[in-house]
Amino acid sequence: MTSATILDAKTAHIASCSRRNRATRYGIYLAIFLVVAWSVDVLIIKDTDWARLGNGTVGRTVMQFLNVDFSIVPDLLWPAWETLLMATLATLLGLVLAIPVAWLGAYNITPLGRFSYSIGRVLMTLSRSVHEIVWALIFVSAVGLGAMAGILAMAIRSIGFVSKTVSEAIEDIDYGPVEALMAAGANRFQILLYAVVPQVIPVFLGNAIFEWDINIRRSTIMGLVGAGGLGFSLFRQMAQFNYGGITTVVLAVLVLILFGEIVSRYARKAII
Amino acid sequence: MEVQGLCAGYAGRSILKNVDFKVGPEDFVAIIGPSGAGKSTLIRCINRLVEPSAGTIRFMGRDVVGLSQSELRETRRHIGMIFQEFNLIERMSVIDNVLTGRLGYTGTLRSLFRAFKHENVRHALTLLERVGLTEHVDKRADQLSGGQRQRVGIARALIQNPKLMLVDEPTSSLDPKIAREVMRLITEISHELGIPVLCNIHDVQLATEFCSRIIGLQDGVKKFEGTPASLDKSALDEIYAMEVL
Amino acid sequence: MEVQGLCAGYAGRSILKNVDFKVGPEDFVAIIGPSGAGKSTLIRCINRLVEPSAGTIRFMGRDVVGLSQSELRETRRHIGMIFQEFNLIERMSVIDNVLTGRLGYTGTLRSLFRAFKHENVRHALTLLERVGLTEHVDKRADQLSGGQRQRVGIARALIQNPKLMLVDEPTSSLDPKIAREVMRLITEISHELGIPVLCNIHDVQLATEFCSRIIGLQDGVKKFEGTPASLDKSALDEIYAMEVL
Amino acid sequence: MDVQENAYNKRTAAPTQPDATWRRFKYPQSLYRYCALLLVLAFLAYAIQALNIDLARLSGFFGRLGELFSQRYYPPDLDYIMRPKYLHSVIETLQMSYLAAVLGIVISVPVSWLASYNMSPWKRVGYPLARLFIMGCRSVHEMIWTILLVAILGYGFLPGVLALTLFCIGFTGKLFSEAIEKIKRGPVEAVRATGAGELSVFVYAVLPQVRVAWAGISVYTWDVVFRAATVVGFFGAGGMGWYLRESMQLTALHDVAAILLSIIIVVIISEVLSAWVRKRVARAMA
Amino acid sequence: EDCENPKALKYSIIPTQDTVRELALYKPVLKLLEEETGKKIEFYMPTSYSSVVEALLGKWVDIATLGPESYVIAHGKDPSIEVFATYYKKAHGVQPAGPGYKSTLITKKGSKFDSIESLKGSVLLLVDPASTSGALIPKSLFTKEIKEPLDQYFSRVAFSGGHDLSTIAIENGKADAAFVATHRFMNTVDAGKAKVDDFNYLWTSPRIPQDPFVYRSQLCPDLKAKIKKAFLDLDKTPEGRKYLDNVDSEKFVSMSDSDYDIIREAGVK
Ligand SMILES: Nc1ncnc2c1ncn2[C@@H]1O[C@H](COP(=O)(O)OP(=O)(O)OP(=O)(O)O)[C@@H](O)[C@H]1O
Ligand SMILES: Nc1ncnc2c1ncn2[C@@H]1O[C@H](COP(=O)(O)OP(=O)(O)OP(=O)(O)O)[C@@H](O)[C@H]1O
Ligand SMILES: [Mg+2]
Ligand SMILES: [Mg+2]
C-alpha cells in the first residue's frame, strides 16, 4: 500500500521535526548561556579581587575552619534540642496553616472559583516573598523577644512552600478515583476527602518532613530575635572567632538534619 | 432508560454522533465496537462524566442532561459504574474502596471519620465474599493484581444498590473463568434488583452469551441494535469494517 | 530457551514454585491460569525484571540468572517484551516510544540527543503501519485509547528484532478482531524471525487457536503442559480449580 | 432506604454471615493510635514549656499586628526604592540569583540522579555520597553560608553567588531526586527490557516523567534563590540585602516596607513570567 | 499612681564579642539586679540591635543595653526610652579611660597605605550600617576631613559585620582600611588575633559614649532608681567586679540623653 518513497518522505519529515525541535531547544540553551556569561562577567570576573584571593589567605582560612573544635560539643546538646523543638513546633503550626491555603490555591478544587484561588495564591506569594529575618522582626513587635517570634516567623515561611507544593499536587492528581466517586454520587467534600486527600498525603507528608528540615536550618538564624538554640551557639562561636567551633555547630545542624532524613525514611515507609 | 440523539466529543472533535437507544428494566445491553469507536465515551455520557453536547437521556423520569449539580449527585447514586481502568483509590484498603460506593448516602460528618454504618460494612463484606476477595479485605488496593482490582471495582458499584449499572469492560483483566463468573454475577444482580445494565465489552462471545440486547457502535455511530441471535457475520463485519490492520 | 526450577516472590512471599519448561525455536507458548497465579511474575523473571530466587534460565547459551549487569543488558536487547499495562512513556510521541525499542543498540551520545538512525525511524514507521497506527505517529502516547496504546507497545517490542518475545496479555484491551490480528501478527513475526514467543493470555480460546504449546499455571505451580489439543475439560478444571467466586 | 433495597440486603446477606466484628483498626493498632495521639499532645505541651513560650502574649496578636502595619510600615517610602542606586542593586540581586540558580540546577541534575533511591546508577558509593552532599548544602542556612564564604573569599558577589549555589543544590537536589523517586516503574521496566544502558534509561524513562516536575521545581527554585539573594547582602555579599539591613538597623520601617514591596513586585513579575515560561516549556516538551 | 510596676522585669542585651565570652558571668549580675529590685528578671539575648529596639518600642522589654546609635534612633522614635548608665572603660592599649571609646582608621603596617591620601581608590571596611564607630562617625566626621563621600573616595565600601571581622580582614589583607572602635579592637588584640603594632592608625575620632543602658521611663520612679543603683553599685561586689573585668571596665557611671548628642551631630535622627 505505501511505497518506499512515501516512507522515505515521512522518515525525512520526522527527522526534520526533531531537528526543528532541537533547534529551538538549542536556542533556549544559548539564551540561558548568554545571560549566564553576562552575569559571570559582571558579578564574578569584574567584581572579584582575584589578586587578594590568590595570596594564600583563602587556604589559611579554610584550614582554620577545618580545625574542628570538638570541645564545645557538650555545650551544644541543649541548644540542639531547643532547635529541634522550635523547628518541630514551627513546622506543625505551618502545616496546619498551610492546609486551608492549599485548598484555596488549587484551581481544580478551590471553593469560590477565581476569587478564592487568587486569595490562596496571594497568601502563598506573600509568605514566601518576605524573608524569615523580616518576619521575625515583625513578630518581635507583635509578641516580644524569644522563641515564639522565631517560631511564628518560620511557620509563616513554611506556609508558602507547603501550600504551594500541595496545591500543585492537588492539581495533578489522577482523576480516575474522582470520577469513580462522582459516579457514586459523592459530594464535593467527600470527593476531597476520599479521592484527593489520599492521593496528596504522600506529597503533604513528604513536604512536611522537608519543611521540618528547612526549619531546623532556619532556626539557626533565629538567634536574631532571642530564640536561642544552635543559632545562638553559632553566633557565640563567630563572635569569638572560633572558626573550628563554627564548623562544629554547622556539623551539629548536619547531624540534626541527618536525623531528620532517617525519621523521614521511616515515616515514608510507614505512610506511602 | 432512554437515550435520544446523543452527541458528544472532546475539545471540539465530535466522537458520538446522534446515538439513540432504549434500555428496558432487566435489560442487559452490550455495546460492542472497534477500539476508539466511542464506547467508553457513550457510557460516560449517561452519568455525565462526559458532558453530552446534544440529546436527551431519560432516567428515573427525568432528563439527566438538564439536571443541576445536586440533582445530578442524587441521580448518580442510583447509577453504579464499573471502570475500564478500575479507578480505585490506591492508598486505601479494599474494604474502604468498596465503602466509598456508599458515600452518596453517607453524611458529611460520618464520611469525615470514615464511620460507615455497620450495615454498610456488613454489606461490603458480603459483596467482597461474593467476588472472591475475602482474604484481601484489609489489603491496600495498590497491592492487588489487575483482576483483583477489577473485582473491587465491581463490589464498589454493587454496594450502591444501583437502579442502573454502567459497565466499561468489566472483564478485560480477568481470566476467562472469572470473566464468566463476573458476567453471571452482574446478570444475576440485574435480575434480582430488576435493573438494567449497559456494558461495554470487547469479547463478542461473552456479549452474545450474557446480554439480552447488543448495540454495535462504529466511529460514534450506532450500526447495529438487536438480540444476540440477530448478530450475524454480516452485522459483525459492518461494525468492525473500518478497521485497518 | 529452557527454564529449570524457577522460584520467585515478593518481599518474602513466594509466588512461583519450582517451575520448569522449555521453549523451542518458533514455539508459541501460551501461559494460562487464574488471576494472581503468577503468570506476569513468571514472564518478568525471564528477563529478570523480577529477580528469581532460585532456578536457571538458559537463553542463547547462557544462564540469565547469573549474568552481570552489562551482560544482562546485552541479553535483554534480544528479548522483546509487551506489557499488560502498556508501560509507554506517556509524554513522548508514538514514534519516539517505538524507537526506545532500539535503545539497546544505540550509542550513548545518540540516545542522549534522541538522534536515532534513519533506518530505525523507517523501520518504526513500517511497524506502526503494520499495527494500524499510521495516523497517530506524532500523537503523544497519553492521547491514545487503550487499544491503540497496546499496539504501540507491540511495535516497540518488534523493533528490537528480538530473539525471544515475552508477552503479557497483549490482547486484553483490544477488540476481538484486532486481538486476532495482533495474535496473528505476533505468530507471523515469530515465524518470519524464527523466534519463540512466551505469552500470558486469559483468553483460552485465543491460546488454543494460535499457540503451539500451552502451560497452565495455578498458584505458582505448573499444572499443565501440552499442545492445545490436549487441553481438555479436565485439564482446564484443574488449572482453574482453586478459584472461589 | 426503600423496600427493594432491604430485600436485597437480606438476600445477599443470607448465604454467609461475614465477620460482623470487622474493625478498621484491629486491637493493637487501635491502641497504638491513641498512644501516638497522646504522645503528640504531651510533646506539644513539653515543647512549649521547654522553650519558655508564654502563650498569653498571643492575646491581642492581630490587633498589634494590624497597628504595626498600618502605622509603622505604612506608607512605604516609595522614593527610597526609586533611587537608581537601589534599582541597580535589584538588578544585581536578580543576576546573582539567576546565576546561582542556573549553576545549582545544572549541578543538581547528575547529583539528584545519583541520589535517587530507585534509579541511582551507583547505589553503593554514589548514592550515599550524593545524599550527604545535598544534605550538607541544605543543613547550612544561606545567611550562614554567606558569612562563612565571606570569611573565606572576602567581600563581593563571588561568595554571594557561591552561597546561593550551595543553597540551591541543597534545595533542588532534594526535590529533583524525590521527583525521580516518584516516577512510574512501568516505563523504566519497558526501557530496561530493551537492553538499554543506565544513561538511556535515565534519558528515556526518567527524564520524560520528571521533565515537567523538574521544570516546575527549577522555576520555583529560582524564585526561592531570589528571595534568599535578597539577604546575602546582609554580610557584604552584594545586592539589595545591604539596603534591607540598613533600614532594619535604623528601624526605618517605611523603607523596609518599600523594599519588601519591591521584592514582592519582582516576585510577582517573575511568577507571571515563570507561569508563562512553564506553559511554553510544557508545550515545547510535549 | 500612673506608673508601671510589673511583676517581672524583662531585660535584653545584645551580645557583643566581649559580653558573649563568658555567659556564666551574667547570672550573678542578674541575681544582684533581682535582689535590688525585688523582681523576677526575664533575660533575653537576641543577636540583633533591631530586634531589641523593636521589642522596646513594643513595650516587650523594660531594661535594655543598646548601641549608642541604636539608642539615638530608638529615643527618636519613642522619647520614653531613657538612658541611665554606661561602662567606665579602663585605659588599655589604644583605648583611653572613661565612659567612651573612639573610632580609629586602621591599615596594615608595612602596606602602601600609610596616610589618608594613600587610601584613595582602596577598599574600605565599615562594620555594619548601624554601628556608630564602625559606620556613622566615619561617614559624618571623617568625610569632613576628606571632603568627599566615602564611596567616591574609596573604590569599594563594604560591611564586615563586626569590629573583629574588620580587624582580621585588614590583618589578612582582605581589605585595605577599616574603621574600628578602640575597645573592640583591643578585644581582638587580647584574643590573640592581632597585635597593636601590626597596624597604622591614620585617623581617630572624638570620644563616643559607651553602650547605653536604658529603661522605659513609664516604670515607677522608685523601681527605676533601684535598677540604676543596682548597676552603679556593681563594682562593689566580687561577682560584679568579675563582670566588669570581663568587659574591661572599672565601674558603671550615670549617663543622660545629652551625652549622646555627638551621635546626633554625626547625622542620626
Ligand atoms: N480525554 C480525551 N481527550 C481527547 N480525546 C479522547 C479522550 N478520550 C478518548 N479520546 C478519543 O476518543 C475516541 C474514542 O475513545 P473511547 O475511549 O470512547 O474509545 P473506546 O471505544 O472505549 O476504545 P477502547 O475499546 O480502546 O477502550 C478515541 O479516538 C480516543 O483517541
Ligand atoms: N509488586 C508486588 N508486590 C507484592 N505482591 C505482588 C506484587 N505484584 C504482584 N503481587 C502478588 O503476586 C501474585 C501474582 O501476581 P501476578 O501479577 O503474577 O498474577 P497474574 O497471574 O499475572 O494475575 P492477572 O491475571 O490478574 O494479571 C498476586 O497474588 C499479587 O497479589
Ligand atoms: Mg474504552
Ligand atoms: Mg498479570
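Reminder, nothing fancy here: chain letters follow the sequence lines and each chain counts from 1.
- Proximity to chain E at a heavy-atom threshold of 4.5 Å picks out A/Ala142, A/Val143, A/Gly144, A/Leu145, A/Gly146 from residues 142-154 of chain A, in numerical order.
- In plain terms, the two heavy atoms of E/Pro46 and A/Gly226 that are nearest each other are CB-N, 3.2 Å.
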Extract all donor-acceptor atom pairs below 3.5 Å that involve side chains of residues 133-140 of chain A and protein atoms in other chains or at least two apart in sequence.
from	atom 1	to	atom 2	distance (Å)
A/Trp135	NE1	A/Val130	O	3.1

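- Atom CD1 of E/Ile168 sits about 5.0 Å away from atom OH of A/Tyr243, to the nearest 0.5 Å.
- Interface remark: of the candidates E/Ser50, E/Ser12, E/Ser48, E/Ser48 forms the most heavy-atom pairs closer than 4.5 Å to chain A.
- The environment of E/Lys112 atom NZ is sparse: at most 12 non-hydrogen atoms of other residues, nucleotides or ligands sit within 6.0 angstrom.
- In this structure, A/Gln64 has no side chain to side chain donor-acceptor pair (under 3.5 Å) partners at least two apart in sequence or on a different chain.
- Taking CE from A/Met238 and OG1 from E/Thr47, the interatomic distance works out to 8.0 Å, rounded to the nearest 0.5 Å.
- Of the possible polar contacts, one joining the E/Ser51 side chain to the A/Leu224 backbone as a donor-acceptor pair under 3.5 Å is found.
- Looking at heavy atoms from C-beta onward, E/Asn172 lies in side-chain contact with A/Arg60 at the 4.5 angstrom threshold.
- Of all residues in residues 76-90 of chain A, none places a non-hydrogen atom less than 4.5 angstrom from a non-hydrogen atom of chain E.
- More than 12 heavy-atom neighbours from other residues, nucleotides or ligands sit within 6.0 angstrom of NZ on E/Lys193.
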